[in-house]
Undergrad: 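Mind having a look at this structure? Questions to follow.
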Amino acid sequence: MSTRKTAPEGPFPYPTTPEWAEHLYEAITNTCAAEGFAPVPRQAVLEALAPALGQGEAKRVTESRRNVGRFLRATAYHVEQRGTDGALLLLNVALHGAATLPWANNDRTRSEWLHPSPENLARMEELVDQQRAVAEWTMARERAKTAQRALAPTAPRAEKDAAVAAVKNAEDELARAQWELQAREQALGGRRPLPVVRAVVEDGLPLAALTTEEVRAEAAGEVQRYAVEMLQRRARLRSYDLVESLVQEGQRESTVVVLQRTPVVGRDGVRRHIWRGRQVTGNNRGDARLQVLEVVAQQLLTGMPQYLLRLEGEEENRRLVLLGLGEILRRISTLLNTEYADPDRDLEGRAERALRVAQVPARVVVGARTPERLEESLRQLNVHDHLRGQLNYGEMDRSLGLWSTLVKAYQAQGVLGELLAKEVAEGRIRAGDLDEDAIADSLVGARALDELAVLLPPGDEVSALTLRDVAVRCATVMVFPPVPPRPENLPPRAHMPTGRYWPVVRTALQEASWAQSSTARTDRRTDMWAAVVSQHFSHRGNPLAARGLFSARDVQYGARPDARSLLSLLTACRQRDAEAWEVLVRRHLVPGLINAPEPFVTAGQGSEKGEDRKGVRRTPVNAVQALVNAYTAPPEGVTRELLIAFAEAVLRAPESMAGAGLVPGTFWAPDAHGNPREGTLADKKWFDTTFPKIASSRKRKTAEPPVDDSAGEESEKGEESDTTTEELDEEIPEDALTRMTRLRSDLSSVVDSSRDSVTTAAEQLRTLLAHIEDAVQAREEAGAQKEHPDARILYAEELGEVKKQGVEIAQLLDAAALTVMSL
């Protein structure tokens with residue numbers, strides 16, 4: 001199906017010839033050997049890199065040395081992070097604008113992905129199956145409608161009735177399939193499991209390219225589609241249109257690309273390896289280029305339908321799919337060059353718009369010093385661009401980026417294994433026996449949680465529940481590491497030794513000294529903990545729901561995990577151990593209470609006002625304290641059996657299947673005997689009724705070591721350790737200066753929130769207009785009559801009410817803009 005002989009000349013490049021592809025691979029291999037790097041696999045160069053280079057580009061970056069062979073020119077490559085284990089050899093080239101795909105492992109959208117657990121992967125397979133069922137029944141409905149329309153007016157009544165019955169059956173089956181698809185989406189919380197990537201291994205040697213686990217072709221396409229959707233959702237926050245920016249100015253920045261293999265199994269059972277370049281940096285630009293070129297990312301990965309790239313003189317074949325990247329790019333360039341050569345071409349057509357992204361600069365990873373850590377090196381490169389550069393994170397993604405930086409910092413200091421072995425495993429294993437690299441990857445979501453099984457308490461079986469719990473323990477102790485007690489012989493004003501772990505967190509998060517305690521630092525660490533924990537649940541709660549659950553003391557002295565396993569804690573709770581119940585609630589139940597499909601603990605913000613809000617407004621601290629108090633001072637109708645049954649249900653909920661009247665992850669509320677009360681859903685309304693809002697929260701018990709009350713420490717901590725407190729009946733009025741400072745500091749976030757809300761409203765109105773226009777066009781095409789005048793008047797009145805609200809918004813914004821000048 002080659003088009004090289006008849007391909008027209010033009011600005012859109014054609015793939016490198018096979019001969020020069022081999023020369024390029026030879027040059028890369030020789031250069032990596034000379035520099036001490038592991039090269040990329042041969043197939044990666046032949047199937048992903050060479051097709052993406054325009055003709056002549058391979059010759060430009062290579063040179064032939066007499067009696068030695070081919071090498072990369074010294075000006076064509078550079079070494080990133082030279083002198084470190086994460087050093088990379090990058091090839092500076094120009095790639096075809098449609099040659100690369102957005103990388104699903106991009107940290108800017110990390111919060112939108114689930115942990116790659118076996119349960120989530122199984123749910124993903126079920127989702128893909130159901131998507132296929134919906135597509136098949138959609139086609140069946142269209143065929144039935146076409147057959148019905150094709151019937152002649154004189155057709156027998158029996159045929160007409162059969163056609164109507166066929167359409168009705170197809171519509172019913174489609175509705176059933178769509179309902180089941182929605183249930184599959186709910187089981188995944190609307191997210192997808194993050195693909196696990198590792199270095200490619202050939203002949204027992206790791207190489208400088210990545211590979212995913214083998215999946216079905218439909219699953220690989222769905223992951224790519226979802227990755228692009230999440231990127232585009234983030235792109236709406238930009239202050240300009242990136243697609244139009246590329247059309248007008250092209251791409252000036254050189255982005256990093258890694259070659260990645262995706263092993264897939266087709267519907268016919270045939271296994272094949274798909275090699276493509278992935279945008280490590282510049283993900284949004286990679287997606288915007290595909291939009292300009294009108295290429296769908298998942299089709300570029302799994303196969304492009306022939307009818308979309310049909311050349312002149314070819315017959316259309318709706319069953320033919322183009323698989324090779326070289327053939328796809330060759331056809332794209334042929335079609336665009338043909339269009340561009342037309343003197344009467346449309347100046348707003350695809351060829352004209354894509355002219356400035358025909359070729360784009362890129363730095364392709366062709367060598368790695370330590371290929372086993374390639375994914376980590378690329379991830380840190382991506383995190384750095386967002387944390388330290390101009391590309392802003394969303395709040396949860398920023399927290400996850402900080403978490404990735406923190407895990408890397410623990411590794412770099414060589415204390416990750418020591419901390420987890422001592423504080424989580426309670427000294428049952430030696431730090432040297434832990435595979436720190438595997439555990440670090442698991443903690444940041446790059447591997448399944450199975451790597452944490454070695455940290456489980458004795459007697460705990462390896463299950464999704466226990467692995468998730470130990471992951472939460474790891475996150476808690478790493479975000480709030482323990483600080484040793486103040487030495488008795490330490491002079492009053494001497495520097496407080498904080499141990500080996502606290503300085504790691506301070507450096508990674510760029511915090512002030514240990515002696516300076518602040519609410520901002522506590523909230524920042526709590527938000528990061530909440531974001532990390534939410535990744536282990538299909539349904540994400542609001543990270544603000546964790547605010548107040550950790551104190552400044554937890555930041556300064558650490559939040560040590562209890563040595564007992566979940567099974568031991570539950571047993572102790574049955575034996576009237578109130579301390580065990582408090583530990584169980586605060587350290588093990590809270591994540592499930594926040595990240596449930598029907599969350600029991602919410603942020604208690606003003607946005608929850610409304611008729612459909614469940615339960616009462618209360619702070620997270622109040623809700624958790626009410627559950628803790630219920631053990632020793634139970635409200636009416638609450639028994640110890642109910643509490644234990646509720647705790648077990650919350651712990652098991654993420655793995656619970658859908659039942660009659662239930663969605664996955666929810667359960668019936670327990671009765672006084674601990675038995676489920678069918679028909680009574682355990683949700684926030686039930687929780688707030690069963691565990692009413694308490695008047696005041698008791699001061700939490702702390703397990704930290706006692707602190708010396710000397711005057712020297714008071715000056716260092718800034719507050720007394722044993723000061724008695726009194727809670728007044730009325731709040732202390734806030735002075736004007738403090739109020740001004742607080743309101744000024746909060747103004748930026750309020751403005752951002754308002755802008756996001758207005759942007760969302762504008763997007764919804766565009767969708768509304770498009771929907772109405774499509775309905776009008778469909779009516780005109782069908783030749784149908786207009787809607788009844790009363791219905792049109794009703795729609796116009798409803799839109800008029802919306803317009804009034806828009807006018808009010810504009811007036812409020814004018815008033816705000818005028819008032820802010822007096823700030």
Side-chain angles (χ1 to χ4, degrees), residues 1-5 7 9-80 88-100 200 202-203 205-210 254-261 273-278 323-334 358-369 371 374:
M1 302 181 68
S2 175
T3 61
R4 288 175 55 198
K5 294 183 179 180
E9 296 295 328
F12 297 92
Y14 297 103
T16 302
T17 62
E19 178 185 3
W20 273 102
E22 294 287 357
H23 292 336
L24 177 62
Y25 174 66
E26 178 188 353
I28 291 174
T29 303
N30 290 337
T31 304
C32 286
E35 294 280 355
F37 286 83
V40 292
R42 177 174 176 271
Q43 289 304 114
V45 175
L46 301 185
E47 298 180 20
L49 178 56
L53 300 177
Q55 290 183 355
E57 187 71 5
K59 183 178 181 180
R60 183 188 67 81
V61 299
T62 61
E63 62 182 7
S64 180
R65 299 179 185 176
R66 183 176 301 177
N67 300 327
V68 181
R70 294 186 181 274
F71 286 79
L72 296 176
R73 295 182 185 273
T75 56
Y77 73 92
H78 73 278
V79 176
E80 189 87 16
L88 303 173
L89 193 148
L90 304 178
L91 177 63
N92 304 315
V93 289
L95 299 181
H96 193 292
T100 58
V200 173
E202 291 186 356
D203 299 328
L205 298 176
L207 301 177
L210 297 176
S254 180
T255 56
V256 177
V257 173
V258 65
L259 304 180
Q260 181 169 307
R261 181 180 71 189
H273 290 169
I274 303 174
W275 282 100
R276 295 291 186 269
R278 303 287 182 145
L323 301 178
L325 179 64
E327 182 65 22
I328 293 173
L329 297 181
R330 184 178 294 115
R331 285 171 172 264
I332 291 175
S333 293
T334 299
Q359 294 189 85
V360 293
R363 294 170 287 157
V364 183
V365 178
V366 294
R369 182 79 67 190
L374 174 60

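Since the structure is predicted, the reported quantities are computational estimates derived from the model, not experimental observations. Note that these values count all heavy atoms, side chains included, but never hydrogens, waters or copies made by symmetry.
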Undergrad: Do Leu374 and Leu88 make a side-chain contact, defined as non-hydrogen atoms from C-beta onward lying under 4.5 Å apart?
TA: yes
Undergrad: So Arg363 and Glu80, do their side chains get closer than 4.5 Å, heavy atoms only?
TA: yes
Undergrad: Could you tell me the separation between the OG1 atom of Thr62 and the CZ atom of Arg73, rounded to the nearest 0.5 Å?
TA: 6.5 Å
Undergrad: Identify the two heavy atoms, one from Leu53 and one from Ala94, that lie closest to each other, and give their separation to 0.1 Å.
TA: CD2-O, 3.7 Å
Undergrad: Are Lys59 and Glu57 close enough for a salt bridge, meaning some N to O gap below 4.0 Å?
TA: no
Undergrad: Quickly, which of Leu46, Thr16, Leu72, Val366 forms a side chain to side chain contact (heavy atoms under 4.5 Å, CB included) with Leu24? Name it, please.
TA: Leu72
Undergrad: Could you check whether any side-chain heavy atom of Leu95 comes within less than 4.5 Å of a side-chain heavy atom of Val364, counting everything from C-beta outward?
TA: yes
Undergrad: Going from OG1 on Thr17 to CD on Gln55, what distance comes out if it is rounded to the nearest 0.5 angstrom?
TA: 7.0 Å
Undergrad: Report the distance from atom CZ of Arg276 to atom CG of Leu259, rounding to the nearest 0.5 Å.
TA: 11.5 Å
Undergrad: Within 45° of the ring axis of Tyr14 and under 6.0 Å from its six-membered ring centre, is that where the NZ or CZ of Arg330 lies?
TA: no
Undergrad: Quick check: closest heavy atoms across Pro41 and Tyr25, and the distance to 0.1 Å?
TA: C-CE1, 3.9 Å
Undergrad: Going by salt bridge (Lys or Arg N to Asp or Glu O under 4.0 Å), name the residues that satisfy it together with Glu22, two or more places apart in sequence or in a different chain.
TA: Arg42
Undergrad: Between atom NE2 of His96 and atom CG of Leu325, what is the distance when rounded to the nearest 0.5 Å?
TA: 9.0 Å
Undergrad: When rounded to the nearest 0.5 angstrom, what is the spacing between CZ in Arg70 and CD in Glu63?
TA: 10.0 Å
Undergrad: For Glu26, what residues pass the side-chain hydrogen bond (donor to acceptor under 3.5 Å, both in side chains) criterion, not counting sequence neighbours?
TA: none
Undergrad: List for me each residue that meets side-chain hydrogen bond (donor to acceptor under 3.5 Å, both in side chains) alongside Glu202, sequence neighbours excluded, and say none if there are none.
TA: none
Undergrad: Is the shortest heavy-atom distance from the side chain of Leu207 to the side chain of Pro39 under 4.5 Å?
TA: yes
Undergrad: Roughly how far, to the nearest 0.5 Å, is CZ of Phe71 from OG1 of Thr29?
TA: 10.0 Å
Undergrad: Among Val365, Val40, Leu49, whose side chain to side chain contact (heavy atoms under 4.5 Å, CB included) with Leu91 holds?
TA: Leu49
